[in-house]
Colleague: 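Have a look at this one before I ask anything.
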2 protein chains.
Amino acid sequence: MSIDRRKQIVEAATKSFALFGYKATTMEQVAKIAGVGKGTIYTFFAQKEDLFDEIMSNFIQEMRLVAEKAIDPGKPLFDNLHPLLFELLDFRRKHELTIKLSHEVKDMGTPKAQEAMRQIEQAILAFVTNKVESAVSKGEIRPCDPAITAFVMLKLYVAFIHDWEKTNPPLSNEKIAELFQTYLVEGLAVK
Amino acid sequence: MSIDRRKQIVEAATKSFALFGYKATTMEQVAKIAGVGKGTIYTFFAQKEDLFDEIMSNFIQEMRLVAEKAIDPGKPLFDNLHPLLFELLDFRRKHELTIKLSHEVKDMGTPKAQEAMRQIEQAILAFVTNKVESAVSKGEIRPCDPAITAFVMLKLYVAFIHDWEKTNPPLSNEKIAELFQTYLVEGLAVK
DNA sequence: AAAATGACCGAATGGGGAAAATGGTCAACA
DNA sequence: TGTTGACCATTTTCCCCATTCGGTCATTTT
């Protein structure tokens with residue numbers, strides 16, 4: 001059989017989307033990097049959008065691996081939470097693809113880029129939700145809606161790690177773990 | 001003495017900023033509404049910015065009144081929290097000035113409008129911080145950093161009332177109060 | 001004399017139309 | 001059958017000029 005053109009195309013597109021974002025990646029560009037004619041791309045992907053979807057799905061798969069690595073199955077949820085969220089958000093923050101996409105969202109508002117960032121957030125949420133579910137069923141934490149709980153955890157984490165720094169000195173890793181303990185685990189009620 | 005031109009100008013500017021936002025409000029416009037010459041504005045305010053600052057400071061003052069009204073001094077912090085945050089965010093959300101300014105931030109990114117929205121958020125935060133401080137000193141809640149606690153409360157509230165709805169059915173007022181109770185007051189630890 | 005004014009200024013903005021670029025097609029070709 | 005790039009319609013970018021705006025100040029009004 002001839003060389004795997006589909007694979008060539010996907011690899012080229014992966015590079016290009018990571019390098020230039022969604023809008024600035026042109027099909028001509030991808031074709032050139034892949035060393036194929038533009039028309040060939042359209043025998044595998046009906047639209048630019050479909051090609052991008054495949055790259056995104058690979059990216060999210062990669063993110064799941066990172067998440068799994070950050071988890072220590074022997075430890076309770078709250079010991080895993082900080083490493084898990086840290087690794088996931090760090091992965092997102094440092095990966096060329098997401099850097100470019102989030103810039104694109106900010107200063108062009110490309111709908112497809114927005115949608116992609118939303119997908120990534122959903123994937124993170126789904127992963128954490130899953131861990132919360134199993135923590136609840138193990139009786140590790142009190143019964144609660146896993147989806148809302150995961151949502152609260154992520155929002156709080158992002159708030160600490162990102163929003164807080166906009167107007168205040170950054171919080172250390174230890175401080176963040178401590179804050180999670182204070183607010184989410186123990187609560188503010190006088191004991 | 002002659003008619004109070006300063007007051008006329010401030011009133012005209014208040015209307016105009018609320019009606020058109022920062023950028024689209026012109027000094028000529030303000031002068032016309034106020035029924036004075038453009039030059040006259042500059043005898044009271046050195047720049048457009050200074051005029052806007054006065055309007056913002058009045059606005060934040062007005063917001064403080066709303067906040068005070070939402071508080072029942074006899075009740076504990078957590079009973080007041082929901083009404084307080086609700087009224088403040090609702091006031092912000094419904095006031096013509098903030099509607100226009102937040103649109104302006106979103107689709108023009110006017111620096112002055114951004115700064116103004118930041119100021120408003122800081123004012124809300126300062127108010128809540130204050131209430132948290134007094135709750136701590138009364139022994140109503142466990143000791144904690146009041147600024148961080150206020151920040152957590154606001155972020156969580158906004159997350160529930162605004163972010164959650166982006167991908168899920170909205171939460172009722174009762175549900176939000178219950179979630180605050182679960183996550184912030186009691187904590188997730190198994191008791 | 002003091003207060004008020006609006007014509008005026010240079011800089012910033014915006015509209016719009018030409019030119020370039022892009023996603024997608026398809027007849028020709030290997 | 002699988003591949004290609006010239007081609008098409010549409011969108012985006014670029015550029016220039018008319019207009020607008022914040023701010024000043026000589027003149028007018030009180």
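Every chain is numbered from 1 and lettered A, B, ... according to where its sequence line falls, protein lines coming before strand lines.
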Colleague: N/O contacts under 3.5 Å, protein versus nucleotides 8-11 of chain D?
Modeller:
none

Colleague: Do NZ/NE/NH1/NH2 and the carboxylate oxygens of A:Glu121 and A:Arg118 come within less than 4.0 Å?
Modeller: no
Colleague: Sequence neighbours excluded, which residues qualify as side chain to side chain contact (heavy atoms under 4.5 Å, CB included) partners of B:Pro170?
Modeller: B:Glu165
Colleague: For residues 32-47 of chain A, dump all side-chain donor-acceptor pairs below 3.5 Å to protein atoms at least two apart in sequence or in another chain.
Modeller:
{"unit_1": "A:Thr40", "atom_1": "OG1", "unit_2": "A:Gly37", "atom_2": "O", "d": "3.4"}
{"unit_1": "A:Thr43", "atom_1": "OG1", "unit_2": "A:Thr40", "atom_2": "O", "d": "2.5"}

Colleague: Taking ILVMFWY side chains as joined if any heavy atoms are under 4.5 angstrom apart, and letting links pass through other members, which residues group with B:Ile99?
Modeller: none
Colleague: Scan residues 150-164 of chain B for pairs that pass side-chain hydrogen bond (donor to acceptor under 3.5 Å, both in side chains), counting only residues two or more places apart or in two chains.
Modeller: A:Lys155-B:Asp163, A:Asp163-B:Lys155, B:His82-B:Tyr157
Colleague: With sequence neighbours excluded, give me every salt bridge (charged side-chain N to carboxylate O under 4.0 Å, His left out) pair touching residues 174-185 of chain B.
Modeller: B:Lys175-B:Glu178
Colleague: Whole angstroms only, please: what is the NZ-P distance between A:Lys32 and C:dA21?
Modeller: 12 Å
Colleague: Can I get a per-line list of side-chain donor-acceptor pairs under 3.5 Å for residues 7-22 of chain B, giving both atom names and the distance, sequence neighbours left out?
Modeller:
{"unit_1": "B:Thr14", "atom_1": "OG1", "unit_2": "B:Val10", "atom_2": "O", "d": "2.7"}
{"unit_1": "B:Ser16", "atom_1": "OG", "unit_2": "B:Thr25", "atom_2": "OG1", "d": "3.1"}

Colleague: To the nearest Å, how far apart are A:Arg6 CZ and D:dT3 P?
Modeller: 13 Å
Colleague: Tell me, which of residues 102-116 of chain B have any heavy atom that sits under 4.0 Å from an atom in DNA chain C?
Modeller: none
Colleague: Please write out the pairs of protein N or O atoms and N or O atoms of nucleotides 23-25 of chain C separated by less than 3.5 Å, giving the distance to one decimal.
Modeller:
{"unit_1": "C:dG23", "atom_1": "OP1", "unit_2": "A:Thr25", "atom_2": "O", "d": "3.2"}
{"unit_1": "C:dG23", "atom_1": "OP1", "unit_2": "A:Lys48", "atom_2": "NZ", "d": "2.9"}
{"unit_1": "C:dG23", "atom_1": "OP2", "unit_2": "A:Met27", "atom_2": "N", "d": "2.9"}
{"unit_1": "C:dG23", "atom_1": "N7", "unit_2": "A:Lys38", "atom_2": "NZ", "d": "3.4"}
{"unit_1": "C:dG24", "atom_1": "OP2", "unit_2": "A:Tyr42", "atom_2": "OH", "d": "3.1"}
{"unit_1": "C:dG24", "atom_1": "OP2", "unit_2": "A:Lys48", "atom_2": "N", "d": "2.8"}
{"unit_1": "C:dG24", "atom_1": "N7", "unit_2": "A:Lys38", "atom_2": "NZ", "d": "3.0"}
{"unit_1": "C:dG24", "atom_1": "O6", "unit_2": "A:Lys38", "atom_2": "NZ", "d": "2.2"}

Colleague: Is there a side-chain polar atom (N or O) of B:Thr43 under 4.0 Å from OP1 or OP2 of C:dA3?
Modeller: no
Colleague: Does A:Arg5 have a side-chain nitrogen or oxygen under 4.0 Å from the phosphate oxygens OP1 or OP2 of D:dT3?
Modeller: yes
Colleague: Pairs of donor and acceptor atoms involving the side chains of residues 56-70 of chain A, under 3.5 Å and at least two apart or interchain, shall be tabulated with distances.
Modeller:
{"unit_1": "A:Gln61", "atom_1": "OE1", "unit_2": "A:Arg64", "atom_2": "NH1", "d": "3.0"}

Colleague: With sequence neighbours excluded, tell me which residues meet side chain to side chain contact (heavy atoms under 4.5 Å, CB included) with B:Pro146.
Modeller: B:Thr129, B:Val132, B:Glu133
Colleague: In chain order, what residues pass the side chain to side chain contact (heavy atoms under 4.5 Å, CB included) check against B:Lys23, with sequence neighbours excluded?
Modeller: B:Glu104, B:Met108, B:Thr110
